[in-house]
Amino acid sequence: MVLVARGRIDSMSAAKLGQALSEHISGSVSHLVLDLAGVDYMSSAGLRELVNALKKVKRIGGDLRLSQPTRRVREVMEMAGLDTIFLIFDTSVDAVESY
Amino acid sequence: MDEHGWITIPARMDQVHEACGFVARVAARHGMDDEGVYRCQLSVEEICTNIVEHGYENVERTGKIEIWCFTHNETFIIEVIDDAPLFNPLGLPKPDPSTPLWERSEGGWGIQFVRRFMDRVEYSDSDSRNHFRMEKRLS
């Protein structure tokens, strides 16, 4: 399953991202890809939702993998050490094929 | 002090974008480049969000946040002032980026982004109010 996020993920909108991810994390194993190519702004609120979603999906044996983060998103992820927590791919195709 | 501007917002999450938009407009008007404007916006969001989520968490819900912007000696200065209980966010321990997934707590990164994105940050409790000052060079 590939989910595509766009625009600005800030303290106002982060909960929507978390909700969207949660809806796709069910009792069965979830292999999710989140395409971040269209996200030009992500604050710590957005990162918090990504981490919470990753914990949820890993608890049921799945994974959340990321693709195409923009430079700005990659920068904050690296600052928080999330580039070593998430598997990150150059394209969504690569991310899907990694499963 | 050169040009300046200020805004007061209710301390509510749905108002934080007003503060971000205001700072972005003033920073751009003062000649900040796009990357600098982005960094100022994100920093203001993190500080205001902290105030709403933690500063006013257990007190009256009608609190306000003042945001002042001005330039001085080619430096863009943002000062965020609130009347929540006095608290210095710069005194919090710095989170460790090497923390494994399952040991990660919810927060702590916002203030780190502010430290990194701004050239200088400073907290004071003058007049028994929280003052968080951020500086970023215009060039």
Side-chain angles (χ1 to χ4, degrees), chain A residues 6-19 21-22 25 30 32 34 36 38-66 69-88, chain B residues 9-24 33-57 65 80 89 92 94-118:
Chain A
R6 288 198 185 91
R8 181 184 174 105
I9 300 176
D10 57 17
S11 52
M12 287 277 297
S13 59
K16 290 181 187 168
L17 172 66
Q19 187 178 350
L21 290 168
S22 291
I25 300 171
S30 299
L32 301 178
L34 179 63
L36 293 168
V39 177
D40 56 3
Y41 181 111
M42 186 180 291
S43 63
S44 63
L47 297 185
R48 190 161 56 224
E49 295 297 337
L50 291 183
V51 169
N52 287 341
L54 183 62
K55 286 179 176 175
K56 279 183 196 167
V57 75
K58 277 187 176 286
R59 280 193 196 103
I60 60 170
D63 201 4
L64 168 62
R65 299 179 182 177
L66 309 178
T70 55
R71 181 181 56 78
R72 288 176 175 174
V73 171
R74 186 178 281 274
E75 181 185 29
V76 292
M77 291 194 71
E78 287 174 356
M79 287 165 59
L82 295 181
D83 57 319
T84 62
I85 299 278
F86 285 89
L87 290 175
I88 302 174
Chain B
I9 61 165
R12 297 200 316 259
M13 200 62 81
D14 65 354
Q15 295 295 309
V16 171
H17 71 281
E18 293 288 343
C20 295
F22 167 74
V23 169
D33 63 19
D34 286 348
E35 192 62 22
V37 169
Y38 154 71
R39 288 168 187 256
C40 287
Q41 269 199 83
L42 191 139
S43 298
V44 167
E45 184 203 324
E46 299 291 359
I47 295 302
C48 289
T49 299
N50 272 351
I51 294 168
V52 172
E53 284 187 339
H54 306 298
Y56 286 111
E57 184 182 14
I65 304 172
V80 181
L92 291 169
K94 294 180 181 177
D96 180 358
S98 67
T99 305
L101 174 65
W102 299 106
E103 295 173 24
R104 283 185 174 249
S105 58
E106 287 267 312
W109 287 105
I111 195 70
Q112 291 307 108
F113 297 164
V114 176
R115 286 181 199 268
R116 185 79 72 87
F117 281 179
M118 304 303 284

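Side-chain atoms are counted along with the backbone in the values below, which use heavy atoms only and exclude waters and symmetry mates. Numbered from 1 within each chain, the chains take letters A, B, ... in sequence-line order.
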Side-chain touch [X]/[Y], heavy atoms, less than 4.5 angstrom:
X	Y	value
I88(A)	R65(A)	no
I51(B)	I47(B)	yes
M42(A)	L36(A)	yes

If I measure from the heavy atoms of chain A, does [X] come under 4.5 Å with its side chain, its backbone, both, or neither?
X	answer
C20(B)	side chain
E46(B)	side chain
T49(B)	side chain

Problem set entry | Residue part contacting chain B, namely of D40(A), when any heavy atom lies under 4.5 Å | backbone
For this session: Considering only heavy atoms and a distance below 4.5 Å, find which of T84(A), D83(A), L82(A) pairs most often with chain B.
Result: L82(A)
For this session: Under 4.5 Å, counting heavy-atom pairs only, tell me which of A80(A), G81(A), A45(A) racks up the most with chain B.
Result: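 When all of A80(A), G81(A), A45(A) are compared, A80(A) has the most.
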Side-chain polar contacts of residues 71-78 of chain A - donor-acceptor pairs under 3.5 angstrom, sequence neighbours left out - could you list them?
residue	atom	partner	partner atom	Å
R71(A)	NH2	E35(B)	OE1	2.9
R72(A)	NE	E35(B)	OE1	3.2
R72(A)	NH2	E35(B)	OE1	3.0
E75(A)	OE1	R39(B)	NH2	3.0
E75(A)	OE2	R39(B)	NH2	2.9

For this session: Please identify each residue that fulfils salt bridge (Lys or Arg N to Asp or Glu O under 4.0 Å) with K56(A), with sequence neighbours left out.
Result: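 If we apply the salt bridge (Lys or Arg N to Asp or Glu O under 4.0 Å) test to K56(A), skipping adjacent residues, there are no hits.
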